[in-house]
Amino acid sequence: MTLLPQLLRKQLTLALEKTDAEIPDGFQVAISLAKDARFGDYQSNSAMILAKRLKQNPRELAQAVVDAGEWDSLCEKPEIAGPGFINFKITTETLQNHTLKVFSDGHLGVPQADPAQTIIIDFSAPNVAKPMHIGHIRSTFIGDCLNRVARSLGHEVITDNHIGDWGTQFGMIIYGWKKYLNKEALAEDAIRELVRVYRQVNAEAKADEAVMQACRDELVKLQQGNADNHAIWQETVDLSLNQLRSIYDWLGISFDHYLGESFYNDRLGPVVDELTEKGLAEESDGAMCIFFRDIPALAEKPAIVRKRDGGFNYATSDLATIDYRVSELNADKIWYVVGAPQQLHFQQIFAATKMRGKNVDMTHVAHGSILGSDRKIMKTRDGDNVQLLDVLQAAVERASAIVKEKNPTLSKDEQKDISEAIGLGAVKYAELSQHRMTDYIFSWDKMLSFQGNTAPYLMNAYVRTRAIFRKLGDDVTFSDAVTIEADGERALAIKLTQFGETVPDILNDFRPNLLANYLFELAQTFHSFYEECPILKSEGGTRASRLVLCELTSRVLKQGLDLLGIRVTDRM
RNA sequence: GUGCCCAUAGCUCAGCUGGAUAGAGCAACGGACUUCUAAUCCGUAGGUCGAAGGUUCGAGUCCUUCUGGGCAUGCCA
């Protein structure tokens, strides 16, 4: 279905072509939301932009365009304001019809991508044998949201959790496993026990060179394929993954693949060989490096693909990963949802991929950092960061206390279900409603806030819609007419039609917060409508129309929140 | 040294490719619940958009310089 701004753009373009203005090549008119509802629904600044290029009077050009246009029933005759703004107000008739179209559209007005593309999203990527801490929520929630949005637009999405399951830390883990492991504790909470063992060995190794050497020996044995060490490593990975999966399950997040670093082990050597044969990598100070001499920003920043000691770096691993994704997974695009500090690394591997002649569109979807109370980044290595699970549990507990207080008659199961939806939703929304590049200091208040611009506010709007239909019973047949009279009805209807404009926008710059903002505004608009326009107490066509608006709000909120990874419940 | 990111109300943050009187939430103050869930609504108050220049009819947004923070910068990932 065609969105309202698209219809306006088409008419505006036709109008412009009828004037005698000389339109520069490639110039396209643009329609945006009206800055202020008093001006109308949509506006175009294109007359001013064009007039500037043509050195004409912007107001006169705007007037000529408006006069030349045929606006029919789409909108009132556009008004010109200020230096040359063109303001559009959709007619009531068009808005009513369009609202019905959205209501009967299976995608709620969201246009489907054509052609659909195969997109790999690489996100979350925690390390094995370590607990996820609060810093992991950014990549995890943003990645999951982009996955949901891209799928809803009709793309073929493959989610891949590129876990850190290989590396030097396994020397210490294996050494500790053999010497200090408590099997019972391992069965109880594997990651906790692995961390305990790792820390103990780490402390010893720092103090005792012999222990350090023993760890290195264990690592070498692992790398050379020693059966015992490989079995220990495998069990460590399996146990850790089980625990990670249970958190992902709780969060409603799933991955198509868990192709971690170890998966690419035997592909690293061949990558370096190929780079060397093609002359892309060269020896420097004993290491094999790719130089980017043609790219000023990277001219003095080579990427090391093989260390002096023969070991490989994560640049090598990422190049091998790209090969697999392109040749085996047929990726058109790869999105890396990884923190901003790794920008240089991605510039390098993207540049290297281009030099290798691979044709794949890659984006580093960077995000800011979560800072500790000392304003320092919470790094994965430090053990004493706030753990993700602790935050999630605290949020659910807090929600549970409030649910019990507000709605004591609910069954135990319902209370649990609702508390989880609210608590987990609140934490997700706190993350996703913020611009992804903003750094912020971790705050329990922020994560556990349930008032104002939060997930429970949006969920509450949904609950209000369901309460009405619960009261009405099952036998609701929706009217095939929407009549818009009250201000609250008009504001809600136009807002509802804008869901389909918002969702594709998210992927323009990978911004889940645009959707969060939209849904918050929708909920606000609905709450105002709800206060102003009684539904069940109204009659006839008004009632029927309001029920449609209410049901459509319900659907858009549910679907919109689902795209953020947030679940709704019928009561709360 | 070089590069990237950030600085907006008391606090936490929006502000899309330059556009109209810079917006929310929290906190504060004043109203609205025998009513479709008040986790709500309505209203009041709160700002030299870090500083100084520049481009433009128009700058929170673009350019330059400066200040103050964060991060990255050849053998961890």
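By convention in this document, chain letters (A, B, ...) are assigned in the order of the sequence lines, proteins followed by strands, and residues within each chain are numbered from 1.
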Cation-pi geometry met for A/Lys558 and A/Tyr462 (6.0 Å, 45°): no
Here the distance between atom C1' of B/C57 and atom CZ of A/Arg53, to the nearest Å, is 17 Å
Okay, side chain of A/Glu283, backbone of A/Gly286: is any donor-acceptor separation there less than 3.5 Å? yes
Polar pair under 3.5 Å, donor/acceptor by atom type, side chain A/Gln43, base B/A20: yes
Across the strands shown, which category fits A/Val403 at heavy-atom distances under 4.0 angstrom: base, sugar-phosphate, nothing? base
Donor-acceptor pair under 3.5 Å, A/Asn87 side chain vs B/A20 base: yes
Can you check whether any acceptor in the base of B/G25 is under 3.5 Å from a donor in the side chain of A/Thr454, or vice versa? no
Which nucleotide, B/U40, B/C36, B/A77, lies nearest any side-chain atom of A/Tyr314? B/A77
Donor-acceptor pair under 3.5 Å: do we get one between A/Lys52's side chain and the base of B/G19? no
Enumerate all atom pairs, one protein N or O and one N or O from nucleotides 3-7 of chain B, separated by less than 3.5 Å.
unit_1	atom_1	unit_2	atom_2	d
B/C4	O2'	A/Gln343	NE2	3.0

Roughly how many Å is it from NZ in A/Lys35 to C1' in B/U61, rounded to a whole number? 11 Å
Residue pairs fulfilling side-chain hydrogen bond (donor to acceptor under 3.5 Å, both in side chains) with at least one residue in residues 526-542 of chain A, sequence neighbours excluded: A/Arg464-A/His527
If the condition is ring pair (Phe, Tyr, Trp, His ring centres under 6.0 Å), which residues does A/His162 pass it with, not counting sequence neighbours? A/Tyr264
Send over the distance from A/Phe85 CZ to B/G19 P, rounded to a whole Å. 9 Å
When rounded to whole Å, the CD to C1' distance for the pair A/Glu521 and B/C16 reads 13 Å
How many Å lie between CG on A/Asn508 and C1' on B/U17, as a whole number? 10 Å
RNA chain B: A/Leu514 or A/Pro302, which has the more 5' nearest nucleotide? A/Leu514
Mutual orientation of the aromatic rings belonging to A/Phe469 and A/Phe478 [parallel < 30°, tilted 30-60°, perpendicular > 60°]: perpendicular
Do A/Asn453 and A/Tyr429 meet the criterion of a side-chain donor-acceptor pair at a distance under 3.5 Å? yes
Find the distance A/Ile80:CD1 to B/C57:P and express it as a whole number of Å. 21 Å
